[in-house]
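Notes to accompany the following structure.
Everything quoted here is computed from the prediction, not taken from an experiment. Keep in mind that the numbers below use all heavy atoms, side chains included, and drop hydrogens, waters and symmetry copies.
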Amino acid sequence: MGCAISGLIPKQVMDVKEDVPIVHLTVEHKELIKDTWKVIQENIAKVGIIMFVGLFETHPECKDVFFLFRDVEDLERLRYSKELKTHGLRIMHFIEKSVARLHQTERLDQMILDLGKGHCRYSAPPKYYMYVGAEFIRAVQPILKDNWTPEVEEAWKTLFQYMTSIMKQGYLEEEINQRNAVANTSRERPEKMLNVI
């Protein structure tokens, strides 16, 4: 208990239709996230790098999802990688946008849903999403120092559970869309063949 990964599995209510957990952010969660983000934001590039190096250390199989990092064995070298810094910043900017939209639920949900759909197109499955949240929490704990409390930890864990559940929903929706597109293409081919004959 007390480590960044413990408790990341939410006390959840399952949406029977999609089998995706529904997680709710309280007003207190949102305020704690916004307040601590101000400190985290000052170290945004550092957190992004620490987060991904930690991710690849604790879950080396995650590297397979990232074409640029797939064959990198020396994780210390990754700390100085321009590509890793760029990707880390991209993720941190997404978190920043999410924090800015905490009180605009519809916009936040759509943004996260779209991210999940994009991850389906990149073949980055949902099983990896919570790992990023756990590594983010590990990376920000030392930066927040005395501002890190059990309540702050719970708020950030809940945000990542929330994001993960919606991303998973987006992933599943896109997966269905892709299957339907393939099925429609398969049905059209025989008709086209008949028209040629």
Side-chain angles (χ1 to χ4, degrees), residues 1-12 21 23-26 28-66 68-69 75 78-79 81 83-102 108-109 111-116 118-119 122 124-168 170-171:
M1 282 287 170
C3 77
I5 295 176
S6 71
L8 271 179
I9 305 304
K11 298 173 188 101
Q12 47 192 273
V23 179
H24 300 283
L25 288 161
T26 66
E28 181 186 3
H29 287 145
K30 293 175 184 180
E31 293 310 312
L32 286 169
I33 290 165
K34 282 184 166 234
D35 289 345
T36 52
W37 179 255
K38 293 172 189 167
V39 177
I40 295 166
Q41 195 173 22
E42 296 170 14
N43 297 282
I44 199 167
K46 179 180 176 183
V47 171
I49 291 169
I50 292 169
M51 180 176 63
F52 273 98
V53 170
L55 178 67
F56 297 152
E57 283 174 346
T58 57
H59 300 284
E61 71 278 12
C62 290
K63 285 194 308 180
D64 293 338
V65 176
F66 297 93
L68 291 171
F69 314 124
L75 293 179
L78 261 184
R79 290 185 193 280
S81 162
E83 292 82 10
L84 184 68
K85 182 178 181 179
T86 300
H87 190 72
L89 281 170
R90 191 175 306 127
I91 301 304
M92 296 304 292
H93 287 302
F94 184 85
I95 294 169
E96 182 175 44
K97 285 182 192 175
S98 299
V99 171
R101 289 173 177 79
L102 283 174
L108 176 61
D109 290 356
M111 186 177 78
I112 298 169
L113 193 70
D114 291 342
L115 183 66
H119 277 66
Y122 305 138
K127 65 182 180 179
Y128 298 123
Y129 302 165
M130 284 306 291
Y131 298 157
V132 174
E135 293 307 323
F136 173 86
I137 287 170
R138 274 191 218 171
V140 300
Q141 260 181 308
I143 289 167
L144 289 173
K145 297 176 186 154
D146 294 339
N147 292 324
W148 189 259
T149 65
E151 294 79 18
V152 167
E153 182 171 358
E154 182 62 30
W156 280 104
K157 282 181 182 179
T158 304
L159 176 63
F160 278 99
Q161 291 164 359
Y162 179 82
M163 292 170 66
T164 298
S165 67
I166 296 171
M167 281 181 70
K168 181 177 179 183
Y171 185 96

ask   = Out of curiosity, Leu89 CG to Leu84 CG, how far, rounded to the nearest 0.5 Å?
value = 9.5 Å

request  = Please identify each residue that fulfils side chain to side chain contact (heavy atoms under 4.5 Å, CB included) with Leu115, with sequence neighbours left out.
outcome  = Phe94, His119, Met167

ask   = Who pairs with Asp35 by side chain to side chain contact (heavy atoms under 4.5 Å, CB included), at least two apart in sequence or on another chain?
value = Lys38

key: Spacing of Met163 atom CE and Leu113 atom CG [to the nearest 0.5 Å]   = 12.5 Å

inquiry  = Do Trp37 and Leu102 have side chains that approach each other closer than 4.5 Å (heavy atoms only, starting at C-beta)?
reply    = no

request  = Check whether any side-chain heavy atom of Ile112 sits under 4.5 Å from a side-chain heavy atom of Tyr162, and report yes or no.
outcome  = yes

Interatomic spacing from OH in Tyr171 to OG1 in Thr164 - rounded to 0.5 Å = 14.0 Å

request  = Please report the closest heavy-atom contact between Lys145 and Pro142, naming both atoms and the distance.
outcome  = CG-O, 3.1 Å

message = Show, in sequence, the C-alpha distance, side-chain angles and deciding distance for Arg138 and Glu135, and conclude whether the salt bridge (charged side-chain N to carboxylate O under 4.0 Å, His left out) test is met.
response = CA-CA 5 Å; Arg138 274 191 218 171; Glu135 293 307 323; 3.4 Å; yes

ask   = Does some side-chain heavy atom of Met51 sit less than 4.5 Å from a side-chain heavy atom of Val132?
value = yes

key: Side chains of Ile33 and Lys30 in contact at under 4.5 Å (non-hydrogen atoms)   = no

key: Point-to-point distance, once rounded to the nearest 0.5 Å, from CE of Met92 to CZ of Phe136   = 4.5 Å

message = If the condition is side chain to side chain contact (heavy atoms under 4.5 Å, CB included), which residues does Lys127 pass it with, not counting sequence neighbours?
response = Pro125

inquiry  = Within the 4.5 Å heavy-atom criterion, are Met130 and Gln161 side-chain neighbours or not?
reply    = yes

message = Using the salt bridge (charged side-chain N to carboxylate O under 4.0 Å, His left out) criterion, which residues pair with Arg79? Sequence neighbours excluded.
response = Glu57, Glu76

note = Residues Tyr128 and Cys62: closest non-hydrogen pair is CD2-SG, 3.3 Å

query = How long is the gap from CD1 on Ile49 to CG on Leu78, to the nearest 0.5 Å?
reply = 9.5 Å

Side chain to side chain contact (heavy atoms under 4.5 Å, CB included) partners of Glu151, counting only residues at least two apart = Glu28, Leu32, Thr149

message = Between Trp156 and Ile95, is there a side-chain heavy-atom distance shorter than 4.5 Å?
response = yes

message = Within the structure provided, determine whether Phe52 and Phe69 are in side-chain contact (heavy-atom separation under 4.5 Å).
response = no

message = If we ignore hydrogens and angles and just use 3.5 Å, is the side chain of Tyr122 paired with the main-chain N or O of Val65 as donor and acceptor?
response = no

Where at least one partner belongs to residues 85-95, residue pairs that pass side-chain hydrogen bond (donor to acceptor under 3.5 Å, both in side chains), sequence neighbours excluded = His87-Arg90, His93-Glu96

inquiry  = Minimum heavy-atom separation for His29 and Ala155, please, with both atom names.
reply    = CD2-CA, 3.4 Å

remark   = Here the gap from Thr36 atom OG1 to Glu153 atom CD, rounded to the nearest 0.5 Å, amounts to 11.5 Å

